[in-house]
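Chain letters run A, B, ... following the sequence lines, proteins first, then strands; residues in each count from 1.
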Protein chains: 2
Amino acid sequence: MVTVHDVARVAGVSISTVSRALAAPERVAAATRARVQAAADALGYVPNRAASGLRAGRTSAVGLVVPDLENPYFASVTKGVQARARAAGLAVFVVDAEEDPHLEADLVASLAPQTDGLLLCSPRQDDAAVRDAAGRARVVLVNREVAGVPSVCTDHARGTELAIEHLRALGHARVAVVGGPERSWSQERRADGVRRAVERFDDLDVVELGAYRPHVDGGYSAADAAVATGATAVLAFNDLQALGLVRRLAGRGIRVPDDVSVVGCDDTFVAGLAATPLTTVRTDLRGMGATAVDLLADLLRPGNEPEAPRVVLPAELVVRASTADAPRVLVPSPAVAP
Amino acid sequence: MVTVHDVARVAGVSISTVSRALAAPERVAAATRARVQAAADALGYVPNRAASGLRAGRTSAVGLVVPDLENPYFASVTKGVQARARAAGLAVFVVDAEEDPHLEADLVASLAPQTDGLLLCSPRQDDAAVRDAAGRARVVLVNREVAGVPSVCTDHARGTELAIEHLRALGHARVAVVGGPERSWSQERRADGVRRAVERFDDLDVVELGAYRPHVDGGYSAADAAVATGATAVLAFNDLQALGLVRRLAGRGIRVPDDVSVVGCDDTFVAGLAATPLTTVRTDLRGMGATAVDLLADLLRPGNEPEAPRVVLPAELVVRASTADAPRVLVPSPAVAP
DNA sequence: TTGTAGGCGTTATCAT
DNA sequence: ATGATAACGCCTACAA
């Protein structure tokens, strides 16, 4: 390993000059600076981050905690975080909490001391756990809000409203809304959106269905309940759920969008993947990750301790093939097998 | 920040005793150990990794470089890496190289000095670049082989053979194989598999199609060429490509699997997502990531410098709805519009 | 069994 | 403008 000492020896200066020449070039004579630079290049000197971090009391690393890396939602957020962090000179420790709040708490505790700050995607964790995390490290929440903790999230209420508005415009008179995990933050924001839509449109019937897993299987399970409500359109909790819905419907011979329209949420890459691309509520997920890094970087700037900012990113509707005009006749419930 | 000094003061011992009590409990009197432990717990002491790393000359962190985190293939590998690394006490820096070999080289160079080793998913990088990386750090390759560098990969040739065997068993007489990126390692292994299958089955016609992007759009673009060959079955480079194929075929009114069978590759979670779940060649992607960590951890164990091991994981076929008996009649090429 | 002391590589302070 | 030195927190010979 090449150290400042090696560079100093080759350049014929002291280690302090080397350090300065590299960190604050203007405080060193041009000729000296050039010699140091040359020596450093020749030797392939790279500062040891552990050492400078030890000295400076920071690590230049941040931690990102997500519930599931295989969920395309978090994959995109991670991608955004990663790109912006690189630009900001921060390394990113990524950990997958396996959708387990306990594991997540452990990870936060072990990650906190070895990073300058944490980015948390914690849809299920309760407020107390999040506050505890915020007490251990600088924390920025992603798609979650807790009083006093900086956060970036999507305007889910508005997104939900947009989706319902869209379905109403297509002539749907009854819309089923499939719920996500009960205690999840975005589930509650979505409920706000439903409430607002219900208040605005008295010609529209919105039926909320109980909690289903925010994965393909959840949608698969919710499909029958959705159809049984007599709704001609279904709003899923996310894109994966929407795909599960479509699949179960197809299995029952119910066509999307001819018989039933389906709307997803998040516009993850899977929305455009299926044979019938999903109409969905879009959020800039990479942008969300990038913004979270910006917030954290601000917090880390020495002397900065601003009031916990809350950024709310807009939601917009992306119309694709999975929604169409409401059918003239309701889908008949298939006869119960004898 | 709580340091050994704080713990030592509270426990009424010296810092070396604290260090020992925590690292080598058996070398400290039981009573002393208990007092130290109590003090450490009370204060919430956590060793500073920068400091111990500096001292020990290692970081206890590894780097994982992937071309695209949003690609479900790498998402799964990352998940596997992450879980096993946690178990091994290693933190993981994850970086996304955005499918750019130059960026990837930069990332490797900047990651190498701040980690104990690197896990590289570099399908496109040429051998020289990989060897250069291996010169800068301990490296384990994932799904790639380069002489002298430890690696974990899938038996693509066998997987390809299995897929073709399956299609032949269904009565398909002509199979189109869609190529992935030309210079990719797995593309060449797959070509080996095709060669072997061709040798084995003289009643089978295998048509290889040129390079297409290993994404949905690549499959979408390859579909027409595949149909034009008169093949009744298509083997895609990966699951995403297979989904793109299905979608374009559906757009042309060609049904999967009734008219054309489609086989994916990798069994990423998207394979089970579509309305017509994909028959695909399965590899344990998380296991691959986990194995890569094991290999790297072995390499890191002091004194160990084994001959670069190469682990080849088996490929197996998962049959789902996207493959069926060959149709009696070939799909007629739709008449060219006047 | 326990304590003392030195050094890992860097940077900041203080002299020169 | 440059150099000597101390200190960040930890670990470990070595001494007691």
* Whether A:Arg286 side chain and A:Val77 backbone form a donor-acceptor pair below 3.5 Å -> no
* Sugar-phosphate, base or nothing in reach of B:His5, heavy atoms under 4.0 Å -> nothing
* Do any of residues 16-48 of chain B sit with a heavy atom less than 4.0 Å from DNA chain D, and if so which? -> B:Ser16, B:Ser19, B:Tyr45, B:Pro47, B:Asn48
* **Within residues 49-60 of chain B, residues whose heavy atoms come under 4.0 Å of DNA chain C** => B:Leu54, B:Arg55
* Asked: Between B:Arg183 and B:Arg124, is any pair of side-chain heavy atoms under 4.5 Å apart?
  -> no
* Asked: Just by distance, with hydrogens left out, do A:Ser122 and A:Glu104 show a side-chain donor and acceptor under 3.5 Å apart?
  -> yes
* So, B:His215 and B:Glu99: side-chain donor and acceptor under 3.5 Å apart, yes or no? -> yes
* **Heavy-atom contact window of chain A on DNA chain D, given 5' to 3' at under 4.0 Å** => D:dA1 to D:dG9
* Asked: Does a side chain donor of either B:Asp68 or B:Tyr73 reach within less than 3.5 Å of an acceptor in the other side chain?
  -> no
* To do: Ignoring hydrogens and angles, tell me if any N or O in the side chain of B:Thr115 forms a donor-acceptor pair with the backbone of B:Leu111 under 3.5 Å.
  => yes
* Please state whether the rings of A:Phe93 and B:Phe93 are parallel, tilted or perpendicular, taking 30° and 60° as the class boundaries. => parallel
* Structure fact -> Whichever of A:Ile15 and B:Val13 has the more 5' nearest nucleotide on DNA chain C, that residue is B:Val13
* Going through the distances and angles, do B:Tyr45 and B:Leu22 end up as a side chain to side chain contact (heavy atoms under 4.5 Å, CB included)? -> CA-CA 11 Å; B:Tyr45 169 75; B:Leu22 298 172; 3.6 Å; yes
* Asked: Please walk me through it: do A:Leu296 and A:Leu119 pass side chain to side chain contact (heavy atoms under 4.5 Å, CB included)?
  -> CA-CA 8 Å; A:Leu296 185 52; A:Leu119 268 15; 3.3 Å; yes
* For the pair B:Ser19 (side chain) and B:Ile15 (backbone), establish whether a donor and an acceptor sit closer than 3.5 Å, ignoring hydrogens and angles. => no
